Amino acid sequence: MDDADTPDGTLPTIAGVSADLDTTVTGPTSLPLRPELAGLEPYGAPQLDVPVALNVNENPYAPSEQVVADIAAAVADAARGLNRYPDRDFEALRADLAAYLLTESGVGLGVEQLWAANGSNEVMLHLLQAFGGPGRTALSFAPTYSMYPEYARDTSTAWVAGRREEDFSLDPDVARATIAQHAPSVVLLASPNNPTGTALPTATILAVLDAAAQVPGGCVVVVDEAYGEFRRRGTPSALELLADHPHLAVSRTMSKAFGLAGARLGYLAASRELVDALRVVRLPYHLSAVTQAVARAALAHSTELMAQVGSLRDERDALVVWLRERGLQVADSDANFVLFGLFEDRRAVWEGLLDRGVLIREVGPPGWLRVSVGTPRETQAFKDALVEVAGL
Ligand SMILES: *Cc1c(COP(=O)(O)O)cnc(C)c1O
């Protein structure tokens with residue numbers, strides 16, 4: 001055991017000094033926790049061992065054996081150099097990400113316009129560290145991703161939630177007025193939005209970019225496209241707006257469409273100026289050589305992964321139709337999940353499904369539930385359970 005530890009986990013006393021410290025070191029209640037963190041629980045959906053897990057919008061398909069083999073070989077190669085720190089600027093990975101976005105969205109970007117971190121959660125934290133902070137405000141429009149206020153809290157940035165409409169769209173005039181009123185330094189827009197599945201039209205994003213450009217001192221607009229690959233045909237990506245808007249950042253992740261949630265790789269595209277600001281706040285070597293190798297090996301298989309995304313999109317559209325045919329309300333979805341309701345007692349429906357081995361998410365405005373698109377077998381299990389529980 002390290003001699004800094006004692007068997008019961010308490011702090012060791014320091015000979016000759018402990019008497020003087022007795023008045024200050026009294027036990028756990030004396031920890032100088034930031035007051036805004038007092039009593040808070042860590043964020044996260046329950047991780048339960050169930051036959052059908054449709055609660056956190058993962059890709060239901062594990063990597064193919066070919067992808068597994070390539071990842072294993074890439075990791076072995078990286079392991080041979082693990083005595084050295086990794087490439088701090090992960091240029092090869094950034095080049096691969098740029099090439100992927102060119103194929104996926106038709107938008108050409110330079111390596112210096114890409115950024116990556118351990119999940120888009122860390123990318124968002126970098127954004128708030130660089131552009132938020134004490135005396136500044138971050139703004140989004142609810143209902144939206146519940147992690148956003150946590151990034152604000154952790155960076156001592158004030159948090160404001162504007163409102164979306166009844167159908168979860170964002171009214172451009174409401175967005176403009178809210179931005180003008182609060183003068184945020186960061187606006188976060190999830191599109192497609194979580195938990196509603198709603199994608200924003202280009203005109204709305206342009207209205208937000210325009211309002212942000214008028215904020216004194218400047219304002220960065222982050223479009224979180226974690227579910228971008230699942231957007232319906234004809235829905236554009238905000239990547240197309242990057243060339244004309246240096247205060248725009250578009251974030252993506254390998255956690256959802258890419259089926260690589262366990263690898264922790266999120267990224268964004270933005271102007272070089274914006275990316276350079278993120279390079280200042282990142283921890284040195286934040287992206288391990290193993291993470292870089294895993295991501296690059298998976299990106300080399302993006303063509304087959306995109307075919308799989310196509311079938312998940314079809315499954316999603318069919319699920320929306322099925323739920324509507326049973327008289328339920330369903331939000332239009334450009335993501336790999338569907339928000340549906342309305343239930344007088346959604347907790348009872350959620351529990352009834354769980355009793356039948358199907359885990360979904362109790363999230364969103366009262367009365368709504370969210371289900372991720374699974375394999376056809378998993379989706380069938382969800383439908384069968386829902387028919388029983390809700391008496392459809
Ligand atoms: C899942 C999700 C992410 C991705 O988070 P990672 O840290 O990349 O796994 C980001 N934004 C939203 C809205 C999400 O739902």
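Each ligand, and each atom within it, is numbered from 1 in the order the structure gives. Keep in mind the model is a prediction, meaning the values are calculated, not measured.
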*Mark yes or no: R370 above the aromatic ring of F337, with NZ or CZ under 6.0 Å from the six-membered ring centre and no more than 45 degrees from the axis.*
yes
_F230 and Y227 aromatic ring geometry - parallel, tilted or perpendicular at 30°/60° bounds_ = tilted
*ligand 1 atoms in contact with S255 (distance to a heavy atom under 4.0 Å)*: 6 (P), 8 (O), 9 (O)
*Kindly say whether the aromatic ring centers of W322 and F340 come within a distance under 6.0 Å.*
no
*Please report the shortest heavy-atom distance between S105 and R252, naming the atom on each side.*
OG-NH2, 3.4 Å
*Distance filter under 4.0 Å to K256 heavy atoms, resulting ligand 1 atoms*: 1 (C), 2 (C), 3 (C), 4 (C), 14 (C), 15 (O)
*Any N/O of N118 closer than 3.5 Å to an N/O of ligand 1?*
no
_So is N57 touching ligand 1 or not, going by heavy atoms under 4.0 Å?_
no
_Y267-F90 aromatic ring centre distance below 6.0 Å_ = no
*Would you find a donor on one side and an acceptor on the other, under 3.5 Å apart, between the side chain of S271 and the backbone of P246?*
yes
*Could you tell me which non-hydrogen atom of L170 sits nearest to which non-hydrogen atom of T204, and how far apart they are?*
O-CG2, 3.6 Å
*Might you point out which heavy atoms bring A298 and F258 nearest each other, and give the distance in Å?*
O-CE2, 3.6 Å
*Within the structure, does T253 bring an N/O atom to less than 3.5 angstrom of an N/O atom in ligand 1?*
yes
*asked:* List ligand 1 atoms under 4.0 Å from A226, heavy atoms only on the residue side.
replied: 2 (C), 3 (C), 10 (C), 11 (N), 12 (C), 14 (C)
_For atom 4 (C) of ligand 1, the option (of S120, G266, A335, P192) bearing the nearest heavy atom_ = S120
*Check: D224 N/O within less than 3.5 Å of ligand 1 N/O*: yes
*Return the option from N121, V123, L188, V56 holding the heavy atom at the smallest distance from atom 7 (O) of ligand 1.*
N121
*Using non-hydrogen atoms of the residue, decide whether R264 is closer than 4.0 angstrom to ligand 1.*
yes
*Can you tell me which residue and heavy atom of the protein come closest to atom 15 (O) of ligand 1, and the distance to 0.1 Å?*
Y227 OH, 2.6 Å
